[in-house]
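Hydrogens, waters and symmetry mates are skipped; everything else that's a heavy atom, side chains included, is used. Whatever order the structure lists them in is the order used to number ligands and atoms, beginning at 1.
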Amino acid sequence: MSPRSLVLLAPLLLFAACATEPDPVEPPDIVEPDTVETPVGIADGISADEAVAVLNPTEGNTTSGRVTFTAVEGGVRVVAEMRGLGEGPHGLHIHETGDCSAPDGSSAGGHFAPDGSPHGAPNDPAGQRHAGDLGNIEGDDDGAGRYERIDTVLQMSGPASIIGRGVIVHAGQDDYTSQPTGDAGNRIACGVIVAADES
Ligand code: CU
Ligand code: ZN
């Protein structure tokens with residue numbers, strides 16, 4: 001047998017030897033969770049490209065729905081879909097604490113304002129509005145409302161991340177000027193922003 005044919009044969013012999021061995025046990029795949037629960041009050045620095053808040057009615061109210069936050073080019077797309085809202089404009093804000101345990105929603109604290117800015121309108125630039133000032137969501141005559149805009153102030157990562165914060169819908173309209181909350185009235189629905197992915 002020539003040295004060349006030995007070389008060609010070697011992989012075959014190796015294969016035959018291996019074929020009699022039991023298959024090696026593969027290590028289990030690491031399964032990534034679909035959602036990451038954000039502990040209440042430990043929000044700082046948690047990041048995500050997509051997050052959602054499910055809003056439930058506060059005591060004595062019937063408003064519920066969902067707000068999604070998606071990182072996009074130039075900002076964060078915010079989409080809110082609510083029902084049981086009542087006709088007309090209702091203040092919609094991110095509040096500083098992701099805690100809806102109080103019957104009146106007061107546990108969510110004040111407007112999320114990591115830079116200490118005054119209350120303002122959603123189209124005001126950073127420094128002239130709270131990060132959490134999303135403005136108003138308009139209820140139609142069936143009490144349903146949809147809100148969509150791309151916000152350029154909200155952050156989904158870093159120390160000013162909105163992950164783990166609260167979302168509040170109010171009984172009345174945010175007037176964009178009254179301090180510190182826009183005089184939007186009672187809190188009729190509350191939810192906590194949780195990451196919908198990992199990044
Ligand atoms: Cu509010
Ligand atoms: Zn505000």
Could you check whether the rings of His119 and His130 sit parallel, tilted or perpendicular, using 30° and 60° as the cut-offs?
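His119 vs His130 ring planes: tilted.
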Only to 10 degrees, please: what angle do the ND1 atom of His130 and the ND1 atom of His119 make about the Zn ion (ligand 2)?
120°
List the steps and the verdict of side-chain contact (heavy atoms from CB on, under 4.5 Å) for Asp99 and Val192.
CA-CA 7 Å; Asp99 180 356; Val192 180; over 6 Å; no
Using 2.8 Å as a strict upper limit, say whether an N, O or S atom of Asp133 approaches the Zn ion (ligand 2) that closely.
yes
Indicate if the distance from the Zn ion (ligand 2) to the nearest N, O or S atom of His111 falls below 2.8 Å.
yes
Hydrogens and angles aside, do Ser117 and Asp115 bring a side-chain donor and acceptor to less than 3.5 Å of each other?
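Judged by distance alone, the side chains do pair up.
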Between His93 and Asp174, do the side chains contain an N or O donor and an N or O acceptor separated by less than 3.5 Å?
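Looking only at side-chain atoms, Asp174 and His93 do form a donor-acceptor pair, the distance falling under 3.5 Å.
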So which of the N, O or S atoms of His95 lies nearest the Cu ion (ligand 1)?
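In His95, the N, O or S atom with the shortest distance to the Cu ion (ligand 1) is NE2.
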Suppose we only allow N, O or S atoms; which atom of His93 ends up nearest to the Cu ion (ligand 1)?
ND1
If you draw a 6.0 Å radius around CZ in Arg83, do more than 12 non-hydrogen atoms from other residues or ligands fall strictly inside?
no
